[in-house]
Amino acid sequence: GDPKVPVLYEVERTRTGKSFSVRSVKAIQHGKPIFICQASFQLSQGSPVQHQYSMPTVPPPEELLTQEELIQKFLQNPNVAEGYRKRLTKIQAQDVPIDIKPVNPPDIFSSEPQEPKQLFWVRARGYIGETDMKVHCCVAAYISDYAFLGTALLPHRQYRVKFMVSLDHSMWFHAPFRADHWMLYECESPWAGGCRGLVQGRLWRRDGVLAVTCAQEGVFRVEQTPTQSKL
């Protein structure tokens, strides 16, 4: 999309039922669709049929470093190559409206393959408060996209990524939550191939309630020749 050009939203009332309703939205710029969304809404209903996965056991966010603190720690290493130092400084300068605390940060000095799983404590910066739940859902949608696709690249860290973009992104909201409170983001990639990768994610409240489930497919283009060490 072009941030300098207004966006025209076309909304179609796809279905309106007694319990569920569906709306299809098309965002248009320069006469072409840049984004298509299908949203399903349900009236609140109780049911005795309930279950969920168990939240992973991890250190609390108070015991972990933020992404900015980790980068600053890496930059203090005199052995970091100048090119990589510039990339880290660029990342550090980005104004990201999310607090992120990686539970198992990858070793940036190694290109060894890793299991395609990541855990982050995440929350929106600032205070949102007890507002309309739809606001927290919108913020969670932004949070869920951050570093999500990169999970599929952890087993392939020897390659330099030339191009990476999302093809589709799906979210299911299970329980109320506050996007400005710490939530555990559990990400994993069950498959990659054919220049595509699939990732799945779960956003957990601190009390162990599964609040959101996410799934995303993306495109990857990498250098065929493995990269050299960053040291």
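Note that these values count all heavy atoms, side chains included, but never hydrogens, waters or copies made by symmetry.
Take P3 and apply the side chain to side chain contact (heavy atoms under 4.5 Å, CB included) test, not counting sequence neighbours, and it matches no residue. For the side chain to side chain donor-acceptor pair (under 3.5 Å) test, residues two or more places apart in sequence or in another chain that qualify with S19 are Q45. Here F177 pairs with nothing under the ring-ring contact (aromatic ring centres under 6.0 Å, His included) rule; sequence neighbours left out.
A donor-acceptor contact shorter than 3.5 Å is absent between the side chain of R178 and the backbone of R205. Between the side chain of W172 and the main chain of A215, no donor-acceptor pair closer than 3.5 Å is present. Without hydrogens or angle criteria, K26 side chain to E10 main chain gives no donor-acceptor distance under 3.5 Å. Between the side chain of T66 and the backbone N or O of I100 there is no donor-acceptor pair closer than 3.5 Å. Distance alone, capped at 3.5 Å, is enough to place a donor-acceptor pair between the N104 side chain and the L119 backbone.
Here the closest non-hydrogen pair linking Q52 and G208 is NE2-O, 2.8 Å. Of all heavy-atom pairs spanning L154 and E115, the tightest one is CD1-O, 3.7 Å. Closest approach of L70 and P105 over heavy atoms only: CD1-CB, 3.9 Å. Closest non-hydrogen pair, L203 versus A140, comes out as CD1-CB, 4.3 Å. In plain terms, the two heavy atoms of P155 and P113 that are nearest each other are O-CB, 3.4 Å. For the pair C187 and T151, the tightest heavy-atom approach, listed with the atom from each and the gap, is CB-OG1, 3.5 Å.
In the hydrophobic clustering of ILVMFWY residues, with side-chain heavy atoms under 4.5 Å counting as a link, L167 and F163 come out together. In terms of hydrophobic clustering, with Ile, Leu, Val, Met, Phe, Trp and Tyr side chains grouped at heavy-atom distances under 4.5 Å, Y146 and V139 are assigned to a common cluster. The cluster map of Ile, Leu, Val, Met, Phe, Trp and Tyr, joined by side-chain heavy atoms under 4.5 Å apart, puts M164 and W191 in different clusters. Note on V199 and V161: same hydrophobic cluster, where clusters join Ile, Leu, Val, Met, Phe, Trp and Tyr whose side-chain heavy atoms are under 4.5 Å apart, directly or indirectly. When hydrophobic clusters are built by joining Ile, Leu, Val, Met, Phe, Trp and Tyr residues whose side-chain heavy atoms come closer than 4.5 Å, directly or via intermediates, V103 is not grouped with I98.
Ring orientation note: the planes of Y185 and F120 are tilted relative to one another, at an angle of 30° to 60°.
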request  = Would you please test F173 and M133 for side chain to side chain contact (heavy atoms under 4.5 Å, CB included) and show each step?
outcome  = CA-CA 11 Å; F173 298 94; M133 187 61 211; 5.9 Å; no
request  = Applying side chain to side chain contact (heavy atoms under 4.5 Å, CB included), run through F148 and H169 and close with a yes or a no.
outcome  = CA-CA 10 Å; F148 197 17; H169 190 104; 3.9 Å; yes
Residue pair E188, Q200: steps toward the side chain to side chain contact (heavy atoms under 4.5 Å, CB included) verdict = CA-CA 5 Å; E188 58 186 2; Q200 299 168 339; 3.9 Å; yes
Intermediate values then yes/no, side chain to side chain contact (heavy atoms under 4.5 Å, CB included), Y159 and E223 = CA-CA 6 Å; Y159 297 107; E223 294 278 3; 5.7 Å; no
Taking only distance into account, with no hydrogens and no angle test, what donor-acceptor pairs under 3.5 Å do side-chain atoms of residues 29-36 form with protein atoms, sequence neighbours excluded?
| residue | atom | partner | partner atom | Å |
| --- | --- | --- | --- | --- |
| Q29 | OE1 | D2 | N | 2.7 |
| Q29 | NE2 | D2 | O | 2.8 |
| Q29 | NE2 | V5 | O | 2.8 |

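If you take CZ on R123 and CD1 on I128, they are separated by 11.0 Å, rounding to the nearest 0.5 Å. In this structure, the separation between CD on E68 and NZ on K101 is 10.5 Å, given to the nearest 0.5 Å. Here the straight-line distance linking atom CH2 of W121 with atom CG of L64 works out to 9.0 Å at 0.5 Å rounding. Rounding to the nearest 0.5 angstrom, the gap separating the CZ atom in R125 from the CG atom in D99 is 5.0 Å. Note that the CZ atom of F41 and the CZ atom of F20 stand 12.5 Å from one another [nearest 0.5 Å]. Atom CZ of R23 and atom CZ of R15 lie 10.5 Å apart (nearest 0.5 Å).
Under the 4.5 angstrom side-chain criterion for Ile, Leu, Val, Met, Phe, Trp and Tyr, the cluster partners of I28 are L8.
Side-chain contact, S24 with T14: a donor N or O sits under 3.5 Å from an acceptor N or O.
Every pair passing side-chain hydrogen bond (donor to acceptor under 3.5 Å, both in side chains) that includes a residue from residues 53-63 is listed here, sequence neighbours excluded: E62-R206.
Partner V212 forms a side chain to side chain contact (heavy atoms under 4.5 Å, CB included) with one of M171, M183, R202, H136 and no other, that one being M171.
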